[in-house]
Amino acid sequence: MGIKRFFSLKRREEELFESIDKQLGLTIATVDHLGESLRYLKMLDFEAFKRNFLEIDYLEKKADDVHRNIVEGICKGAFFGGIREDLLNMLEKIDNVADSAKDSAKILMLRRPEDKIINYVFEDNDLMDFLSNCFMAVKKLKEVINGLEKGKNFAFKNIGAVEDYEEKADELKARVLNRIFDKAEEFNVLSVMQFKDFINIADDIADNAEDASDIVLILIAKGYS
Amino acid sequence: MQIILLALLVAFIFGWNNSSLFKGGLTSSGLLSYRKSIVLTSLGLISGALIEGNKMGKALIGSITESTSTTALLIVFITTFLMTLILTIFHIPVSLSHVSVGAYVGANSVIGLSLNTANLELIILSWLLVPALSALITILIYKFITRIAKRFGLLTLDAFNRVAVIIVVFYITYALGANNVGLINGLYMPLINDPILLEFMIISIALSVALGIIMFGKRITKAVGEDLIVLSPISVLTSMFSSALLMWLFTQFSIPISITQAVIGGIFGASLAKRRVIFNRAILYEIVGSWIAITLISFLLSMLIMKAFVWT
């Protein structure tokens with residue numbers, strides 16, 4: 001084995017890690033656009049909401065492409081065999097985050113919910129806070145993964161932060177759902193179901209971010225970071 | 001001719017039985033393709049047997065006894081063949097050194113050759129020491145490596161693991177080629193006078209072990225790896241490296257040792273270094289018990305076959 005080859009041992013893995021960072025960046029952008037969509041909905045601008053959905057769809061597809069390339073690279077033999085499965089699981093969870101953002105937006109796209117329920121849901125900031133906690137969980141996940149080179153303590157601190165955001169999102173989710181169902185009989189049943197499904201699917205954003213950060217813990221347990 | 005044929009068969013079954021120890025690391029990690037891992041294993045075995053295998057030439061003949069008869073050698077090979085085959089069929093990791101030494105002592109004691117008990121005691125003492133030494137070396141190497149690895153990021157550690165697995169697997173096959181394959185070669189060496197034929201035989205025996213590795217070995221992999229203990233990649237690599245180092249060191253003193261004993265000792269060393277470990281006691285007792293039983297059974301079986309030969 002030549003000296004040149006020895007020093008290029010990490011090249012393929014470094015490239016894949018850059019791609020993971022790219023996938024995370026696209027995933028964050030997808031979740032960010034979901035928040036933007038909700039802001040349009042709050043303003044009762046359903047056309048802008050629809051336009052923004054196309055952006056979400058585009059970003060999710062791009063994230064999917066990057067994900068596929070990384071998976072191919074890993075399957076072709078990048079990384080040590082002992083962590084390949086963990087990395088694939090982690091990437092799948094990240095992919096689920098973008099999927100959840102897109103799927104949740106799709107629920108509200110099916111039909112325009114009545115203005116009455118939209119105004120009621122956005123009366124307080126709980127729904128927006130819920131989504132920003134989901135967004136922050138994904139942002140922290142990116143820090144966790146990028147920080148794998150920075151050591152255990154950095155990872156533990158940020159994994160804890162991902163969990164905190166996920167728990168907060170759970171709390172807010174329950175609050176928003178309770179509020180909607182408190183006055184459910186005043187709204188169209190379909191609109192109520194739409195918001196219920198939207199919130200449940202959007203919650204998967206934070207759940208998957210937390211699951212991905214748990215896989216980082218497995219990597220740490222195996223001696224990485 | 002019969003001895004040579006039996007030596008090839010013993011080597012083949014030995015490869016079949018022990019394949020997990022040196023092939024498993026590469027194939028399970030998925031680092032190298034199956035073909036490349038086989039090439040690496042074969043190269044390790046052949047180079048070990050060719051470069052340092054001659055050091056085991058006097059491990060039994062000239063150490064436990066001054067000399068021996070061709071019949072006794074034939075009985076040693078028959079016993080070793082039967083024992084390794086039966087144990088492999090029952091998925092029990094076999095120690096070639098235990099079986100060979102047991103069989104050698106059994107056959108030669110029947111024909112009344114005087115045994116050098118001091119050398120025999122030294123071999124037995126080595127067997128007792130090997131697991132403990134392996135555990136100790138593993139703990140030291142593990143502590144050293146983990147201290148360095150703490151400074152590594154994911155990508156550096158990943159590259160380290162990928163390179164280390166190749167070096168460790170090559171080294172362990174090299175040491176095995178020198179010690180255990182050298183032990184097989186040492187038994188028929190006095191019968192071959194042509195140096196070219198001898199070199200051809202050494203390579204053939206090493207290739208026979210490699211063939212055993214290629215064709216079989218999955219169940220034994222599980223017994224030593226997954227069933228016994230749960231470890232991290234660094235733990236496995238350090239335990240395998242210290243086993244190879246120990247086996248290589250004992251080769252320098254012409255003492256045949258068991259790679260299984262060394263690896264199991266190493267695995268426990270790694271688990272002790274980590275303090276927290278899940279291990280299967282039943283499998284551990286089964287393996288340790290089998291070491292004692294295998295040596296005794298080989299001794300008795302060899303005696304019985306030798307007596308049958310002498311009477312007929």
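The sequence lines fix the lettering, A, B, ..., with proteins before strands; numbering per chain opens at 1. Keep in mind that what you see is a predicted model, and the values were worked out from it rather than measured.
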Self-check item: Gap between atom CG of B:D158 and atom CG of A:L87 - 0.5 Å precision
Solution: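 Between A:L87 CG and B:D158 CG, I get 8.0 Å after rounding to 0.5 Å.
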Quiz item: Roughly how far, to the nearest 0.5 Å, is the OG1 atom of B:T156 from the CD atom of A:E14?
Solution: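 Here the interatomic distance stands at 8.0 Å.
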Over 12 foreign heavy atoms within 6.0 Å of [atom1], [X]:
X: B:K55; atom1: NZ; result: yes
X: B:Q252; atom1: CD; result: yes
X: A:E85; atom1: CD; result: no
X: A:F122; atom1: CZ; result: yes

Quiz item: Relative to chain A, which segment of B:T146 carries a heavy atom at a distance below 4.5 Å: side chain, backbone, both, or neither?
Solution: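 It is neither, since no heavy atom gets under 4.5 Å.
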